[in-house]
Amino acid sequence: MAPAAFIQTTEKYVNPMSNHSINFIYLVSATLFMLGIKYLSSPRTAKRGNILSMIGMAAAIGTTMATPGLHGFTLIITGMIIGAVIGGYTAIKIKMTAMPEMVALFNGCGGAASALVALAEFQSNTGGLDSFTLTTLLLSLIIGGLTFTGSLMAYAKLQGLIPTRPVTYPGQQVVNGIIVLATVALSWFLFQNPTSILALSGIIILSLGLGVLAVIPIGGADMPVIICLLNSYSGLAVSMTGFALKNNALIITGSLVGASGIFLTKIMCDAMNRSLSNVLFSAFGQVVESTDDSEEGPTGSMKGFEVEDVATILTNAGSLIIVPGYGMAAAQAQHATRELGDYLGDQGVEVRYAIHPVAGRMPGHMNVLLAEADVPYEQLFALEDINDDFSSTDVVLVIGANDVVNPAAKSNPSSPIYGMPVLDVEKATTVIVLKRSMSVGFAGIENELFYKDNTMMLFGDAKSSLQKLVAAMK
Amino acid sequence: MDTGTIIIGLTIFVLACFAGAELIAKVPPTLHTPLMSGSNAISGIAILGALLATGYPESFSSVSALGFLAVIFASINVVGGYMVTHRMLQMFKK
């Protein structure tokens, strides 16, 4: 029962002499990972943090490679090169606007890696595992597997490869429930018959299936929450692998990732005033409810304006708040947005940006895009910091945002988004909305903002609308 | 696995969860995307298990084949995750 036993990492590979030095390097790595996150508390130090984290990873990998008795280096290095080329190439090529799906994809790879490591461990110890190791390996296999397919589904939804709308069918939750129960039953069976390949295969198939079926009913607009949650799952899977391998580096790192994923998930849910179970199970945004159930719909009519009219309003403004949404990302309009903001800023207009926590498809999505376009982050304001200022602002420019500026969230208790904190853009003197078409937003609900008297709609692709506006003002 | 080992493992896990939560709560919303991709990159630490699984067997076997696949997936995760994070953070540098 000596506690020191835990210090022996993967003792079956390594002679005890070198264990302590390996574990010490792992501790250094874990510290560097934590410092990496600590330095993310300010944009000025963030880059340094990422580099520290990279050093930690390199040290952990290097030490593990130096484990006495390890062979198969050709195979190991081939695998690392293949992975590095694929990962590196996509990381360089990917457009900033496609960042959410990229993170989902990388995350899926992490889940797959954990599941495969667990499976390899099963293979090398068939029948000889104690119940704690078996439990953690099974958890790693199941969580890793469903993270893999779940992330692929999130990727496919965000890329538009499959419908972004929630896909539902009768008895969906019963089916998912049965799959969970079947997985538990098979795991129990595996405990009694540790050599059963059939049970193991069944568990793998069920966990992969669960990842697909759990993400299918979730709409595109809820993907930020799902990506965060899957991120936390991949961390959990890593921790479980760490328990089974008695590897401190994996346990610590996995719990860091797990905590970060859960934290971001909570922020996203709070920002929408919805519970996690509501996000996961309600197929939000699927039903476009029949609007004529005595509930009065938006009154008035949408007023489409010409570029020149809008440009005049903008040039006469003293203060402007720009509210970007997913439409800005979809139209790749972040640079055009910055151009307009800069031009008006040079004319003496006070220009600020209001960032809703769930604008876009990932936490901080808008911040990254605006940073890419060189908008100084001092001009970006979070919802709670700017919401009181709309009433004293001349013009608000909404670029491809919809649900996050929908006043129904405050005024209409029957609205699906009722209670969600929204930006009070309608309090400004004039609201200009750049929108591709008259259609409803991702939540599938009407937005009365578009019908208000002080709202001017400018239909068309956000990027070209912005470019036309700048041209018209000059 | 003996109970002492399990308890120490759980202790490390719980303490790391709290440490992680404290650190992460201080990250401003502006940097939430890099936080996500950065923490995503470190979850590729599963590569350590993958290396051992690949390199442990004396000769090529089903274990090293699984390990090899795991090495590929984990490398994609690590390299892709760090590079994407680096690319993003470079934009914040002003």
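Below, chain A is the first sequence line, B the second, and so on; all start at residue 1.
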When rounded to the nearest 0.5 angstrom, what is the spacing between [atom1] in [X] and [atom2] in [Y]?
{"X": "B/T54", "Y": "A/F73", "atom1": "OG1", "atom2": "CZ", "answer": "10.5 Å"}
{"X": "A/Y26", "Y": "B/L48", "atom1": "OH", "atom2": "CG", "answer": "4.5 Å"}
{"X": "A/M80", "Y": "B/I47", "atom1": "CE", "atom2": "CD1", "answer": "4.5 Å"}
{"X": "A/L250", "Y": "B/F13", "atom1": "CG", "atom2": "CZ", "answer": "12.0 Å"}
{"X": "B/T85", "Y": "A/F106", "atom1": "OG1", "atom2": "CZ", "answer": "9.0 Å"}
{"X": "B/S39", "Y": "A/N231", "atom1": "OG", "atom2": "CG", "answer": "4.5 Å"}

Given the options [options], which has more heavy-atom pairs under 4.5 Å with chain B than any of the others?
{"options": "A/I51, A/T64, A/I262, A/T136", "result": "A/T64"}
{"options": "A/N367, A/V103, A/L119", "result": "A/N367"}
{"options": "A/I355, A/L116, A/D130", "result": "A/L116"}
{"options": "A/G360, A/G49, A/A112, A/G72", "result": "A/A112"}
{"options": "A/A120, A/S131, A/A259, A/S42", "result": "A/A120"}
{"options": "A/T133, A/L256, A/N107", "result": "A/N107"}

Output yes when a side-chain donor or acceptor of [X] lies under 3.5 Å from a complementary backbone atom of [Y], and no otherwise.
{"X": "B/H86", "Y": "A/N50", "result": "no"}
{"X": "B/T33", "Y": "A/G364", "result": "yes"}
{"X": "A/Y89", "Y": "B/G80", "result": "no"}

Pick from B/G38, B/S37, B/P28, B/S59 with the largest number of heavy-atom pairs that fall under 4.5 Å of chain A:
B/P28

Top contributor to chain A interface from B/L51, B/V79, B/I42, B/I7 [non-hydrogen pairs under 4.5 Å]:
B/I42

Does any non-hydrogen side-chain atom of [Y] lie less than 4.5 Å from one of [X]?
{"X": "B/I72", "Y": "A/T78", "value": "no"}
{"X": "B/F68", "Y": "A/I82", "value": "yes"}
{"X": "B/I24", "Y": "A/I37", "value": "yes"}
{"X": "A/C228", "Y": "B/M36", "value": "yes"}
{"X": "B/S64", "Y": "A/L75", "value": "yes"}
{"X": "A/I252", "Y": "B/I12", "value": "yes"}

Proximity breakdown for [X] and chain A, heavy-atom pairs closer than 4.5 Å:
{"X": "B/A25", "answer": "both"}
{"X": "B/L10", "answer": "both"}
{"X": "B/V27", "answer": "both"}
{"X": "B/F60", "answer": "side chain"}
{"X": "B/E58", "answer": "both"}

Heavy-atom contact with chain B under 4.5 Å, split by part of [X]:
{"X": "A/I76", "value": "both"}
{"X": "A/M54", "value": "both"}
{"X": "A/F148", "value": "side chain"}
{"X": "A/I267", "value": "side chain"}
{"X": "A/I94", "value": "both"}
{"X": "A/M96", "value": "both"}
{"X": "A/L383", "value": "neither"}
{"X": "A/V238", "value": "side chain"}
{"X": "A/A115", "value": "neither"}

Taking all non-hydrogen atoms of both residues into account, name the closest pair between [X] and [Y] and its distance.
{"X": "B/R87", "Y": "A/I92", "answer": "NH1-O, 3.0 Å"}
{"X": "B/V71", "Y": "A/G79", "answer": "CG1-C, 3.7 Å"}
{"X": "B/A19", "Y": "A/M34", "answer": "CB-SD, 4.1 Å"}
{"X": "B/A46", "Y": "A/S114", "answer": "CB-OG, 3.7 Å"}
{"X": "A/L40", "Y": "B/L35", "answer": "CD1-CA, 3.6 Å"}
{"X": "A/M57", "Y": "B/A41", "answer": "CE-O, 3.7 Å"}

Does the side chain of A/S53 pick up a donor-acceptor pair with the side chain of B/Y82 at under 3.5 Å?
yes

Within the supplied structure, the quantity of interest is the number of heavy atoms (other residues, nucleotides, ligands) at a distance under 6.0 Å from A/Y233 OH; does it exceed 12?
no

Salt bridge (charged side-chain N to carboxylate O under 4.0 Å, His left out) with B/K26: which residues, sequence neighbours excluded?
none

